Q: 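Before I ask anything, here is the structure I am working with.
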Amino acid sequence: MIIIDKNTIAEYLSDYLANFSQQEIKDLIEIPPQDLNYSYAFPCFQLAKIKKKSPHLIAKELEEQLELPEYLNIIEANGPYLNFKIKTQPILEQIFTLKEKYGRIYEEIGKGQIPSSRIVIEYPSPNTNKPLHFGHIRNMLLGRSLSRCLKYKGDLVFDVNLNNERGIHICKSMYAYKNWGNNKEPDIKSDHFVGAFYVKYNEMEKVDSKIIEEVYDLLRLWEANDVETRELWKKMNFWAYEGFKETYKAMKISFDKEYFESDIFWKGKEKVLKGLERGIFNKTDDGAIIAHLKEKFNLPDKILLRKDGTSLYITQDIYLAYQKKEDFDYDKSIYVVANEQDLYFKQLFAVLDMIGFKEDKFHLSYGMVYLPEGKMKSREGTIVDADNIIEKMQALAYKEVTKRYPKLKEKLKKERATAIGMAALTFFILKFNPKSDFVFNPKESITFEGETGPYIQYCYARIESIITKSKNTIDLNINWELINHEKELTLVKQLNYFPEILNSVRKNYTLHQIPQYLLTLCQAFNSFYSSCQVLSSDDELEKARLLLIKCVQIVIKIGLQILGIDVLEQM
RNA sequence: GGGCCUAUAAUCUAGCCUGGAUAGGGUACCCGCCUUCGGAGCGGGAUUUCGCAGGUUCGAAUCCUGCUAGGCUCACCA
């Protein structure tokens, strides 16, 4: 097998271009605009500078001079560009042979692959005083698909979750329950039940701002291990976890290990005190411990321990870094956290660096999700609740399924609605660049047409339908010459890019490249579909096209599986 | 005020790292396409000073500088 990518082309060209190294050539090679049916292009501008000839002329000369390698169909000069068209046969052979492993062809044939490593990914790390919201959905989807993508590419990935289940915010919910809860048991999803008291507290605080003092009393009681307070805390946290469990299940996420802030928040102290002893950190006038980050890191200084000796959020995160290393002996630790904490993570990593913890750490920072009205504020209850939106998507999908297939069995309808609804939600979120903010407008965002998950699923189902109808078997024994339609060649071209896309995602964590790629592929397929009939009286042609669409189906499936979207054979 | 980030048509978005072929898509809008494999689809049309102003370059949405607007952040909160 041969991988036809920029490297291959560069290697080939380097025999002819003495002026450049192979790497330089590779960097020059680009992917031509979509409507041109060439896979790769070499622009001759740089060469023109050296040779003092027009790039057009150079392209033309190279075209004549170059000897066609066996994996290329044609090399053609177009203006200042030298364009390369790949052969269909090697591509489809690879896909059909490797099947669901095609996306890791580099690893499979052992060429140009990155060694696999042990990676810990931490997400979504919720607070236990309120249910998960839309921002958590983005977080979970990013964490989940990154995890799946890295696993697919051969890394050993550990998904972990840190429960922020102690602190003043938890005490607020507890306080409200204590005063206005009448010892009620949850009569709604239990994390929502807890969240309602958080909102209640904030309402009451507006009426009487002094109640915050009583909340601090509660926090002190908690820290002093007061039995009654601890019992209440356990009870309410249990409700929160029970609720989260359902949401995690719907989101199809699970963890190799869950950490609890209450277990570890005080353990970071030791690390910090040791750092103080060694003179790495300093004491402020009033006795707090501070890390001076200004000079060495050009960051604002960070307090690591309060003047009363109690822990801060960063104290436990320092400890947790060590704990994760001990638990998983990782090569790299990834934190999936929104970009509002960019500075915090710079500080955390700087502090860890100061005390000699130099492990490879990465903050996968993603943009905020806004509502049309602005930022979500769980304090005021102006959030898009995660369970609610999941339910809404599935209900809408159910309506669509029912509209199309009124006679379908109820159970099937429900299954399809779940798959389609979740596909729509997942795809809607993951198609955006993780770094960018976006506005979630529930009314406009819930759609199954255009650039959506169901659009991709639909392609898959269409292909399945054709394959089922055909009496021919699919194998590599076809007449390759018959795949020559412009739409077919576009498909082949797109299929060939897939492994490179996954390499890029693994390297840059640009998860949106997968949905974006799938859209391009499916658009090419649908366009092919409308101009090329697969089922045909011409058996040879039918066999050739069946193989082609089977390969498309294989790639769609790999892509969707990484995103955590179910494929449907019928929809 | 300092730091970080963002600005692409009515609207949403890809492309920016690594500068190159008429700036790709999607929604909405207009016109077509179900007596050919599934219309959650396809084809065509209209709409853009790629925030503004400079600079570098043969070439800038992409790199640099300044400006404007917006977001996040600058806790002994999490």
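Order of the sequence lines sets the chain letters (A, B, ...), proteins ahead of strands, with each chain counted from 1. As the structure is a computational prediction, the values presented were derived from the model and not from experiment.
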Q: Scan A/Arg416 against the nucleic acid and name what it touches under 4.0 Å (heavy atoms): base, sugar-phosphate only, or nothing.
A: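 Here A/Arg416 touches no strand at all.
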Q: Tell me, yes or no, whether the heavy-atom count around A/Lys267 atom NZ, taken from other residues, nucleotides or ligands under 6.0 Å, exceeds 12.
A: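 Count over threshold, so yes.
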Q: Measure centre to centre between the rings of A/Phe448 and A/Tyr455, then say whether the value is under 6.0 Å.
A: no
Q: Which is true for A/Asp301 with a 4.0 Å heavy-atom rule: it touches a base, it touches only sugar-phosphate, or it touches nothing?
A: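 Nothing, no nucleic acid heavy atom in range.
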Q: Give the rounded distance in Å between these two atoms: CD1 of A/Ile303 and P of B/rC74.
A: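 Answer to the nearest Å: 14 Å.
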Q: We want to know whether A/Lys487 and A/Ser527 form a side-chain donor-acceptor pair, criterion being a heavy-atom distance below 3.5 angstrom.
A: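 Per modelled atom types, A/Lys487 and A/Ser527 side chains form a pair under 3.5 Å.
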Q: Considering Watson-Crick and G-U wobble pairs with both distances under 3.5 Å, what does B/rG1 pair with?
A: B/rC74
Q: Classify the nucleic acid contact of A/Glu542 as base, sugar-phosphate or nothing, counting any heavy atom under 4.0 Å across all strands shown.
A: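 Nothing, no heavy atom under 4.0 Å.
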Q: Contact class for A/Asp286 (heavy atom, under 4.0 Å): base, sugar-phosphate, or nothing?
A: base
Q: Mind checking A/Lys435 for me? I need base, sugar-phosphate or nothing, with any heavy atom below 4.0 Å counting as a touch.
A: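 No contact.
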Q: Mark up nucleotides 10-16 of chain B, 5' to 3', with B wherever a protein heavy atom is under 4.0 angstrom from a base atom, S wherever such an atom reaches only the sugar-phosphate, and - elsewhere.
A: --SSSS-
Q: Identify the nucleotide, in any strand shown, that forms a Watson-Crick or G-U wobble pair with B/rA60, with both distances under 3.5 Å; if there is none, say none.
A: none
Q: Would you classify A/Glu261 as touching base, sugar-phosphate or nothing, given that sugar-phosphate means primed atoms plus P, OP1 and OP2, and contacts are heavy atoms under 4.0 Å?
A: sugar-phosphate
Q: Do A/His169 and A/Asn129 pair up side chain to side chain, a donor and an acceptor below 3.5 Å, judged on atom types alone?
A: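 The answer is no; no qualifying pair exists.
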Q: By the 4.0 Å heavy-atom rule, please label A/Ala338 as base, sugar-phosphate, or nothing.
A: nothing
Q: Strictly distance-based, threshold 3.5 Å: is any side-chain N or O of A/Thr510 a donor or acceptor partner for the main-chain N or O of A/Gln513?
A: no
Q: Using whole Å, what does the distance between atom C1' of nucleotide B/rG71 and atom CG of A/Asn339 come to?
A: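 After rounding, the gap between these two atoms is 9 Å.
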Q: In whole angstroms, how far is the C1' atom of B/rA78 from the CG atom of A/Leu343?
A: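 From A/Leu343 CG to B/rA78 C1': 14 Å.
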Q: Can you tell me the pairing partner of B/rA7 across any strand shown, Watson-Crick or G-U wobble, with both distances under 3.5 angstrom?
A: B/rU68
Q: Quick one: A/Gln316 CD to B/rC77 C1', roughly how many Å, whole number?
A: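 In whole Å, B/rC77 C1' and A/Gln316 CD are 13 Å from each other.
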Q: Within the 4.0 Å heavy-atom criterion, would you say A/Leu36 contacts the bases, only the backbone, or no part of the nucleic acid?
A: base
Q: Would the A/Phe438 and A/Phe428 ring centres measure less than 6.0 Å apart?
A: yes
Q: What is the distance, to the nearest angstrom, from the CD atom on A/Gln341 to the P atom on B/rA75?
A: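 In whole Å, B/rA75 P and A/Gln341 CD are 14 Å from each other.
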Q: Is A/Lys6 atom NZ crowded by more than 12 heavy atoms from other residues, nucleotides or ligands, each under 6.0 Å away?
A: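 Result for NZ/A/Lys6: enclosed.
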Q: Do the two ring centres, one from A/Tyr370 and one from A/Phe440, sit under 6.0 Å apart?
A: no
Q: Mind checking if A/Pro55 touches a base, just sugar-phosphate, or nothing, with heavy atoms under 4.0 Å?
A: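 Contact class for A/Pro55: none.
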Q: Does B/rC29 have a Watson-Crick or wobble mate here (both distances under 3.5 Å), and if so which one?
A: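 Looking at the geometry, B/rC29 pairs with B/rG45.
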Q: Suppose we define a pair by two distances each less than 3.5 Å, Watson-Crick or G-U wobble; what does B/rG38 pair with here?
A: none
Q: Under 4.0 Å, counting only non-hydrogen atoms across every strand here, what does A/Asn127 touch: a base, just sugar-phosphate, or nothing?
A: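 Sugar-phosphate, no base atom in range.
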Q: For A/Leu293 and B/rU73, give me the distance from atom CG to atom C1', rounded to whole Å.
A: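 In whole Å, B/rU73 C1' lies 15 Å from A/Leu293 CG.
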Q: How close or far is atom P of B/rU73 from atom NE2 of A/His363, stated in whole angstroms?
A: 13 Å
Q: With distance as the sole criterion, is a donor-acceptor pair present between the side chains of A/Gln570 and A/Ser465 under 3.5 Å?
A: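 Their side chains do not contain a donor-acceptor pair, so the 3.5 Å distance test is not met.
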Q: For a quick check, with a 4.0 angstrom heavy-atom cut-off, what is the B/S/- contact string for nucleotides 31-40 of chain B, read 5' to 3'?
A: -----BBBSB
Q: Looking at the angle O4'-C1'-N9-C4 for a purine or O4'-C1'-N1-C2 for a pyrimidine, is B/rC58 syn or anti, with syn meaning within 90° of 0?
A: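 B/rC58: anti.
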Q: Look at all strands and tell whether A/Thr452 reaches a base, only sugar-phosphate, or nothing, counting heavy atoms closer than 4.0 Å.
A: nothing
Q: Can you find a side-chain donor-acceptor pair between A/Tyr40 and A/Glu30 that sits under 3.5 Å?
A: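 Side-chain D/A pair, A/Tyr40 to A/Glu30: absent.
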Q: Any chance the rings of A/Phe84 and A/Tyr38 have centres within less than 6.0 Å?
A: no
Q: Check every strand shown and say whether A/Pro43 touches a base, only sugar-phosphate, or nothing at a heavy-atom separation below 4.0 Å.
A: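 No contact at all - A/Pro43 keeps every heavy atom at 4.0 Å or more from the nucleic acid.
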Q: For A/Leu519, which contact category applies under a 4.0 Å heavy-atom criterion: base, sugar-phosphate, or nothing?
A: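 The answer is nothing, as A/Leu519 stays clear of every strand by at least 4.0 Å.
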